[in-house]
Asker: 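First the structure, which I've put down as C-alpha cells, then a few questions once you've had a look.
Because only heavy atoms are used, hydrogens play no part in the values below, and waters and symmetry mates are left out as well, while side chains stay in.
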Amino acid sequence: MRTTLPAWGVGVVVVAAALATGCAEESNRNPTLLPIDDAVFKVNQSGTIEVRAGDPDQDQLTYDFVIDPAPVTQTAGTGGRPRLTEVSNELAIFTWTPGVAETGGERSKAFTVTFTVKDGRGGQASESIQLRVEDDGVSSGGGLRFGAPPGAGMAVDLGQTECVNDLPVLVKSEAYAAAQIELSVTPPPAARCGEPGAPNDCRAPSLYIDPGNPKLGYLNWCPTEAQLDLSLSHTVVFTARVKGSDQEISKRFTIRFKRTAGAGCAGEPPIIEHTEPGAFAGPLNYPIEATIRDDVGFKAPPVLAFTVDPGVEPAPTSPDTSGWQLVEFAPSEGDRWTAAVPNLNLPAGDSAQVYYVIIATDNDDPDSTRCDHTTESRTFRFTATGGAGGGSTYGLCAPCVADQQCGGPSDRCVNLRGEGFCGVSCENTDCGPGQLCLELESISDGTTSLQCMPQDLNCGQICADDAYEAGMGNDTAQAAAALELGRHEGLTLCDGDEDYFAVPVEAGQSITVRAVFADARGDLDLAMALPGDDDFAYQSLNGGVDVEQVTEPCVPQGGEAVVVVFPFEGAQNQYTLEVEAGPGQCDQMCQDDRYDDGDGNDSLDDATLYDAEDLPLTEEGLFICREDADFFGFEAQAGQIITAGIAFQHRDGDLDLRLYRVSDEAVVAESLSYRDAELVQVEAAVDDVYIVEVFGATRSVSNAYGLLIEVDQVQMCQSTMECAAGQYCSARGCIEDACGGFGDCEGAHGCVTPRAGLDPATSGGSCAARCQADRDCRAGNACKRFEDFSRGCGVAGAAGPGQRCASYRDCSGEQVCFATPGGYCAAGGCAGPGDCPMGTLCGTLDGFDACLKACQGDGDCRVAEGYRCKPVAGGMACLP
C-alpha cells in the first residue's frame, strides 16, 4: 500500500510552486499527483477516491481516468457509471457504484485504475492503483433469499395441534453451494429460556438442519402453557449467512396461536362484520376490509389467515387453520380495519381460490391470555385472476411480489437482502437524495437492472441500533442514558431490547413523555417512574396507535425520572421520544361528583352503601379527583357471584379497581390494567359486606367513569366454554352438567352417556354442548360423534379407533366408546363409505352405525378379547 501524505501536503506543493515561479524558466513544468492508495469497493455500494494534484505554474488542471478492464456499467446509463468530479483545481472525487456484473459471478475481481491530470499546455502526470471489487452477495443477483416459509406468519389452532411441526425454512442462492450456508433461528422473548422475560416453564424452538442440504431446515416448537399465557403471538427470526462473511439476511415470522378463553372469564368476545369481495384481478395485492370491535379493545391487531386452493374446501365454520398464512389488519377509521393478501402473481388468465378467516383476540385479561376472548369469522373466499389490472402501483421500497406491482414499466420488484421491494429505474436518470443507483435482481424473472434504493439498502427490513446502544447500551434501568428535554429522533428498538432513559425533573413541575412511531411496523409501549417510585406506575400500553404518552401534572420531588420504551411481542421499530416539562398543575380544580358532597365516600369507613334492591347498579357521570378515591359497598352471601367494573378513557388518566371484604378488610380481587375498562368477577366466600374502591393509578389522575355492580346467584355466561369443568351454561348461568334423562339439558345441549346405548339415569349422564368442530368446545375437549348421529363436546382421550375404553373420555378426537367387550373407540353416526376418517370404515357395532378400525387380518385386531377382521362395506374392519 502507498503512504498517504498529510492533508497539508497539497498546500505545501502549491505554495512552493508559486514561490518558484519568479525565478523559473519560461518553459512549462508538469503537474504533480499526490500518491493514491489501492482501494476495495463493494458491489452495489458507492465508493469514493480523492484525487489531489498541484501545478508549479498554477495552470488550470483537468482530470481523467481509465479503468482496465472496462467496467460493464461504464455504458449502462448514468446510474452506475463511474465518474470523476472536479471539486477545485487541486481536488477531484472519483465515485463508482459497481454492479453485479463487474465480478463476473466471482466473489471479487481486480481492476487497474489510472488517474491522469493535465495542465492544458502539454504537461501531465499519472497514477495507477489496484481497485478490487467484492461481491458479498447481500443485494446482488447471486445473493441469499428465503424461499420458505411463505408470507409473514402462520396460524396454529391449539384445538387441532399443540405444536409447530417440521415447518420448512429454505434459503435460495445460485451463487453459493449449500455447504457454504449457515441457517439459524432466534427465538421470541418468551422462549429465550433462562433470560429475563421468559417464564420458568419454558421450551425453546429448535431448527433441525437437513444434513444433506444445509440450505433447508425444519422448525419445531411446542410452547408451554406458561409461554402461551404470556402471549398467543410469537415472532421468531430466521437468519441465513455465508460462512466467513459478516453479511446476513433475516426473516421475521410470526406464529399466532388460537385457543379458547378459560372458564369464568369476564368480558365480551370481539364482534366481526365482513362482506366478502368476490373477485380480484391484476397484479396488485388483494385488499380486505372488515368492521371489528370489542368492549375493551385489542392489544394485538386482528389477523387474516388464508390458504390458496387447499384441494379440499375448508369447513364453513371453525376450519382447521393450522399452517395457513397470516397477514395483520391495520386500523382504518373507527372500527374499520384493512388487510392486504399478497398477490399470487398468477399468469394472465389463470385463476385461484383464496379462502380466509378473520381472527380477533381481545384484551380482557391484562395479566395473561387465559381470559382473552377470540372470535373467528366463518370461512370466506374470493377468486384471484392473473394478468393486467387497474389501480395505482406501489412506490419505492414498498413490499412486492412481482415487477408489475411497481411504478413505471422499467421499475422492478428486486431482491434486497432476501426480501422483495419496489425500486425506481435509474437506467437514464439519477436517483434522489439519500438513494443509490444499484444493479439488482428482479424477483419476477431473475434479470438485473439499475434501480434506485436507499443508501443503506434498508427498506424497513433492517433494524439498526441507535447511538445509545454503543458500549454497555441502555437496556436496563441501572444503565439508563441521560436525556435532556426536547425531541429525540432516530431511536430504535431491535431484537426485543428495551431502552431506558434518565430525565431530570423538578418538584412541582409537570412532565409529559411521548413515544411516536409507526404502529404498522411494530407496536411499542411506554412507561415512567418518578423519583422515589418503586415501580413504573405510569404506563401507556395501547394497541393500534402511533403515539404512547404518559404524564404527571405535579412531580412530587426532584431528581431523575426513568423512562422506558419497550416492544410488544418482540416488535422492532424506529421511534421518536418527546420529553416536555412545564409549570406544575398541583392546585388544579376538579369537579366532585354527587357522592363527594359532605363527608364524601373517600375511605372504607365512609363508603356509599347500596341495598339489595339497588342492584344491579349501572351509573354514569362519576369522577375521580387527584388523590381522591371513591368507595361503594353492598352485601353478598356466600356462593353469590360478584361482578364489579368501571369504564373510562384511559388516555385521560388511568383508573384502577379493588374489591374488599369489610369484616377483615381483606383485598378479595383487583384489576390494575392499562385499558379503558377494569373488571373483577369473584364468588363470595362468606356472607359479608363487600366494598369496591375506584382510584387513580397514579397520584394526580383526574378522570370521569361509569360504574357497574352486580350480585348474581350463579356465574352468568354466554356459552359453556366460560363455565368450569363439570358445569354447562344454562339460562340460569353455569350449573352442574349432570343429567338423568335425554331431555334434561337446557338450550343447545344434549344428555350423553359414558358408553353408547346406556341409560343416563343409571350410567350417569352429562350435558354436552352441541358442536360442529373442535373449535366450538373448551380446551382439552373435542367435538364427539355420538351413536345417534348427534355431535357434542366431550373430553378428548388418547385411545385410537378399535382400542379399549370405559368412557368416551378415553377416546381421542371425535370418537366415543361403544359398550362391546372391553369397550371400543369409534366415531358414531356414519352414513356409509366416505363418511369416516382415514383408517376406518363404516359398519354396524353393537346395533349402531360407527366408523370401525380398518384391518388387513386378525392380527390388526384385539384377538385375545374376541375381535376379528371381518368384511364390511368397502373393505375389512375389526368387529367382535
Asker: Under a 3.5 Å distance rule, please check whether Asp810 uses its side chain to pair with a backbone N or O of Ser807 as donor and acceptor.
Answerer: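 Judged by distance alone, yes, a pair lies under 3.5 Å.
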Asker: Hey, what do you get for Cys851 versus Cys842: SG atoms under 2.5 Å apart or not?
Answerer: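 No disulfide here.
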Asker: For Glu162, I'd like to know if atom CD has over 12 heavy atoms of other residues, nucleotides or ligands within 6.0 Å.
Answerer: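 For Glu162, atom CD is not crowded (no more than 12 foreign heavy atoms under 6.0 Å).
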Asker: Could you tell me whether the side chain of Asp776 and the main chain of Gln772 form a donor-acceptor pair under 3.5 Å?
Answerer: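 Here the side-chain-to-backbone pair exists.
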Asker: Could you walk me through whether Thr374 and Thr361 satisfy the side chain to side chain donor-acceptor pair (under 3.5 Å) test, starting with their C-alpha distance in whole Å, then the side-chain angles of each, then the deciding distance to 0.1 Å, before giving a yes or no?
Answerer: CA-CA 4 Å; Thr374 295; Thr361 300; 2.8 Å; yes
Asker: Output yes when a side-chain donor or acceptor of Gln227 lies under 3.5 Å from a complementary backbone atom of Arg203, and no otherwise.
Answerer: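 Answer holds: yes.
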Asker: Tell me whether Glu814 is salt-bridged to Arg785, with the criterion being a basic N under 4.0 Å from an acidic carboxylate O.
Answerer: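 Salt bridge present between Glu814 and Arg785.
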Asker: So, Gln325 and Thr307: side-chain donor and acceptor under 3.5 Å apart, yes or no?
Answerer: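 Per modelled atom types, Gln325 and Thr307 side chains form no pair under 3.5 Å.
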Asker: Should the SG of Cys751 and the SG of Cys739 be checked, would they turn out to be under 2.5 Å apart?
Answerer: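 Answer is yes, sulfur atoms closer than 2.5 Å.
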Asker: Could you tell me whether a side-chain N or O of Thr840 sits under 3.5 Å from a main-chain N or O of Lys853, the two making a donor and an acceptor?
Answerer: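 No, Thr840 side chain to Lys853 backbone: no donor-acceptor pair under 3.5 Å.
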Asker: Does a side-chain N-to-carboxylate-O contact under 4.0 Å join Lys258 and Glu376?
Answerer: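 Salt bridge flag = yes for Glu376 with Lys258.
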Asker: Apply side chain to side chain contact (heavy atoms under 4.5 Å, CB included) to Tyr286 and Asn343, showing your working.
Answerer: CA-CA 6 Å; Tyr286 314 122; Asn343 191 279; 3.5 Å; yes
Asker: Verify the ring-centre separation between Tyr356 and His274: is it less than 6.0 angstrom?
Answerer: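 Yes.
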Asker: Should the SG of Cys163 and the SG of Cys222 be checked, would they turn out to be under 2.5 Å apart?
Answerer: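 Yes - the two cysteines, Cys163 and Cys222, have SG atoms within less than 2.5 Å of each other.
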Asker: Taking atom CG of Asn200 as the centre, does the number of heavy atoms from other residues, nucleotides or ligands within less than 6.0 Å exceed 12?
Answerer: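 Not buried by this count: 12 neighbours or fewer within 6.0 Å.
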Asker: Under the 3.5 angstrom rule, does the side chain of Lys870 hit a backbone N or O of Pro880 as a donor-acceptor pair?
Answerer: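 Confirmed, Lys870 side chain pairs with Pro880 backbone.
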Asker: State whether cysteine residues Cys783 and Cys771 meet the disulfide criterion of an SG-SG distance below 2.5 Å.
Answerer: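 Their SG atoms fall under 2.5 Å; a disulfide, then.
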Asker: SG to SG, are Cys793 and Cys777 under 2.5 angstrom apart?
Answerer: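 Cysteines Cys793 and Cys777 qualify as a disulfide pair, their SG atoms being under 2.5 Å apart.
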Asker: Please name the residue in the list Cys825, Cys805, Cys811 that meets the disulfide bond (SG atoms under 2.5 Å apart) test with Cys817.
Answerer: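 Going through Cys825, Cys805, Cys811 one by one, the disulfide bond (SG atoms under 2.5 Å apart) with Cys817 is satisfied by Cys805 alone.
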Asker: Tell me whether Lys251 contacts the main-chain N or O of Gly151 through its side chain, where contact means a donor paired with an acceptor under 3.5 Å.
Answerer: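 The answer is yes, because a donor-acceptor pair under 3.5 Å joins these two groups.
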Asker: Hey, is Cys855 close enough to Cys861 that the SGs sit under 2.5 Å?
Answerer: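 Answer is no: Cys855 does not pair with Cys861 in a disulfide.
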Asker: So, Ser763 and Thr753: side-chain donor and acceptor under 3.5 Å apart, yes or no?
Answerer: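 The answer is no; no qualifying pair exists.
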Asker: Under 3.5 Å, is there a donor-acceptor pair linking the side chains of Gln681 and Thr643?
Answerer: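 Result is yes, a qualifying pair exists.
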Asker: Taking the side chain from Arg868 and the backbone from Leu879, do they hold a donor-acceptor pair closer than 3.5 Å?
Answerer: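 No, Arg868 side chain to Leu879 backbone: no donor-acceptor pair under 3.5 Å.
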Asker: Does one side chain, of Thr720 or His749, offer a donor that lies under 3.5 Å from an acceptor on the other?
Answerer: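 His749 and Thr720 do have a side-chain donor-acceptor pair below 3.5 Å.
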Asker: Under 6.0 Å between ring centres, would you say that holds for Tyr355 and Phe306?
Answerer: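 Aromatic pair excluded; centres sit 6.0 Å or further apart.
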